[in-house]
Amino acid sequence: MKPAVVVYKSLPEDLLQRLRAHFDVTELDEMSHENGKKYASVLREAQGVIGAGGKFDKPMLDLLPNLKVASTISAGYDQFDVNELNARKILLMHTPDALTETVADLMMALVLSTARRVVQSVERTKAGEWQESVDPGWYGVDVHHKTLGIIGMGRIGMALAQRAHGGFSMPILYNARHPHIEAEQRFQAGYREVDSLVAEADFICITLPLSEQTYHLIGREQLAKMKPGAILINAGRGPVVDETALIEALQQHRILGAGLDVYEQEPLPVSSPLLSMPNVVTLPHIGSATHETRYAMAATAVDNLITALTGKVKQNCVNPHIISAPDAS
């Protein structure tokens with residue numbers, strides 16, 4: 001008898017067939033407490049789940065008593081209570097490599113479009129405002145040779161540094177939990193504490209995941225240290241930045257602008273002041289949203305689930321230490 005698996009995000013048919021070759025597959029439209037109660041008998045038997053979104057807290061995990069592996073189609077995993085997963089010996093798999101280059105592309109696009117006022121210029125041109133040669137009211141600022149500060153020098157940070165340093169001759173500053181020797185050798189990157197980085201950089205780019213340590217890492221104090229001509233880019237997680245403080249800084253023109261793909265509340269409420277600010281580029285969390293990358297993420301998540309449930313985990317596991325951890329009993 002094949003192990004039972006629940007799919008809670010639409011997958012391409014070829015990937016579903018790959019799962020069905022190994023498992024008894026049930027598809028749900030989403031993983032929610034409401035669906036959890038509706039499909040209680042299905043969830044009770046599930047040894048694996050695969051999808052994106054939802055919240056895997058203790059009440060949800062209580063509905064999955066036989067769960068062995070959760071495979072998320074994402075690099076981030078803040079929707080999972082990892083401590084609870086560890087206590088229940090549930091492996092958590094994710095897709096950290098599949099989206100690296102695509103997210104770095106988007107971050108560089110945010111740097112360029114915010115600095116050069118691309119979105120605002122498009123809107124003004126379509127509105128018929130371009131009637132003569134543009135005056136300084138249309139001008140942006142240069143990107144090349146400006147200092148780029150990266151907060152979070154992981155895979156995406158390194159890919160962004162490669163684009164910025166190699167393509168735009170930008171000096172690189174970075175902050176990470178530990179010195180990054182490769183970044184320093186390849187890009188002559190300089191390590192800085194967060195407060196020093198935000199004070200020195202012309203562009204501050206955030207690639208961090210959300211955790212207790214990173215929540216509101218960039219708040220009023222850090223925003224106040226930024227240069228008046230600096231631009232903040234966030235494609236990590238929204239709550240890493242204190243959004244209220246950022247709005248205030250933008251409204252008061254204490255910084256030049258912001259390019260955002262993530263927010264404290266998603267979708268971004270239509271009442272948010274960020275949507276009406278000409279010095280802000282707002283995107284709908286599309287960091288990995290290309291056909292190629294989303295397929296690669298889904299394929300990786302499928303492979304992750306298969307390898308984890310067959311006891312062959314080698315990579316992409318958030319909590320591999322539980323595999324050999326002794327039972328508390």
Side-chain angles (χ1 to χ4, degrees), residues 3-9 28 30-37 39-40 42-99 151-152 154-156 176-178 206-219 236-242 262-266 285 297 300-301 304-329:
V5 161
V6 170
V7 176
Y8 60 97
K9 181 179 176 61
L28 304 182
E30 65 176 352
M31 187 65 75
S32 63
H33 290 94
E34 292 73 18
N35 262 358
K37 296 173 183 176
Y39 297 100
V42 171
L43 297 183
R44 192 179 305 118
E45 300 302 318
Q47 294 186 38
V49 294
I50 179 171
K55 189 167 183 64
F56 286 80
D57 52 12
K58 186 178 185 302
M60 176 59 72
L61 292 171
D62 284 343
L63 300 173
L64 294 153
N66 290 302
L67 188 65
K68 296 179 180 179
V69 179
S71 182
T72 180
I73 309 175
S74 62
Y77 47 87
D78 44 277
Q79 71 270 37
F80 290 88
D81 184 335
V82 178
N83 289 331
E84 193 67 30
L85 293 179
N86 291 342
R88 299 171 188 237
K89 297 289 188 70
I90 299 170
L91 290 173
L92 176 58
M93 311 297 292
H94 67 145
T95 64
D97 294 320
L99 47 67
I151 301 179
R155 297 175 181 87
I156 295 170
R177 286 178 294 179
H178 308 287
I206 299 167
T207 70
L208 292 171
L210 180 62
S211 68
E212 291 182 5
Q213 291 73 35
T214 64
Y215 177 78
H216 282 190
L217 181 69
I218 304 301
R237 283 293 184 265
V240 174
V241 176
D242 182 339
V262 291
Y263 310 90
E264 292 217 52
Q265 180 182 341
E266 295 184 5
H285 202 152
M297 292 169 65
T300 299
N304 286 344
L305 184 60
I306 293 170
T307 57
L309 276 177
T310 54
K312 300 175 183 177
V313 173
K314 293 182 179 179
Q315 59 185 1
N316 299 335
C317 187
V318 174
N319 54 351
H321 62 278
I322 71 167
I323 296 173
S324 57
D327 291 328
S329 57

Checklist outcome for this item: Of all heavy-atom pairs linking Ala70 and Ile90, the shortest is N-CG2, 4.1 Å

Checklist entry - How about Thr214 and Arg237: do any of their side-chain heavy atoms sit closer than 4.5 Å? => result no

Checklist entry - Of all heavy-atom pairs between Met60 and Lys55, which one has the smallest distance, and what is that distance? => result CB-O, 3.6 Å

Item to check | For the student: nearest non-hydrogen atoms of Gln79 and Gly54, plus distance | outcome: CB-O, 3.2 Å

Checklist entry - Less than 4.5 Å apart, any side-chain heavy atom of Met93 and any of Val313? => result yes

Checklist entry - Below 4.0 angstrom, N of the basic side chain to O of the carboxylate: do Arg155 and Asp97 qualify? => result yes

Checklist entry - To the nearest 0.5 Å, how far apart are CG in Leu91 and CG in Leu305? => result 10.5 Å

Checklist entry - Taking the six-membered ring for Trp, are Tyr77 and His94 parallel (under 30°), tilted (30 to 60°) or perpendicular (over 60°)? => result perpendicular

Next on the checklist: To the closest 0.5 Å, what do you measure between NE2 (His216) and CD (Glu264)?
Outcome noted: 3.5 Å

Next on the checklist: So, applying side-chain contact (heavy atoms from CB on, under 4.5 Å) with Val49, which one of Leu67, Val69, Leu28 is it?
Outcome noted: Leu67

Checklist entry - Can you list the steps and then say if Arg88 with Asp62 is a side-chain contact (heavy atoms from CB on, under 4.5 Å)? => result CA-CA 10 Å; Arg88 299 171 188 237; Asp62 284 343; 2.7 Å; yes

Item to check | Ile50 side, atom CD1; Thr72 side, atom OG1 - distance, nearest 0.5 Å | outcome: 9.0 Å

Next on the checklist: Quick one: does any side-chain atom of Asn319 pair with a main-chain N or O of Leu92 as donor and acceptor, under 3.5 Å?
Outcome noted: yes

Next on the checklist: Looking only at the aromatic ring of each residue, does the gap between the centers of Tyr8 and Phe56 stay below 6.0 angstrom?
Outcome noted: yes

Next on the checklist: Which heavy atom of Met297 sits nearest to which heavy atom of Thr95, and what is that distance?
Outcome noted: O-CG2, 3.4 Å

Next on the checklist: Set out, in order, the CA-CA distance, both residues' side-chain angles and the distance that settles side-chain contact (heavy atoms from CB on, under 4.5 Å) for Lys68 and Leu309, then state yes or no.
Outcome noted: CA-CA 7 Å; Lys68 296 179 180 179; Leu309 276 177; 4.0 Å; yes

Checklist entry - Within the distance-only criterion (no hydrogens, no angle test), does the side chain of Ser71 pair as donor or acceptor with the backbone N or O of Ala301 below 3.5 angstrom? => result yes

Item to check | Thr300 side chain near Gln315 side chain, heavy-atom distance below 4.5 Å | outcome: no

Next on the checklist: Measuring only between side-chain heavy atoms, which start at C-beta, is Asp81 closer than 4.5 Å to Leu85?
Outcome noted: no

Checklist entry - Short question: side chain of Thr207, backbone of Gly152 - any donor-acceptor pair under 3.5 Å? => result yes

Checklist entry - Can you find a pair of side-chain heavy atoms, one from Pro96 and one from Asn316, that are under 4.5 Å apart? => result yes

Item to check | Contact check, side chains of Met31 and Val6, non-hydrogen atoms, under 4.5 Å | outcome: yes

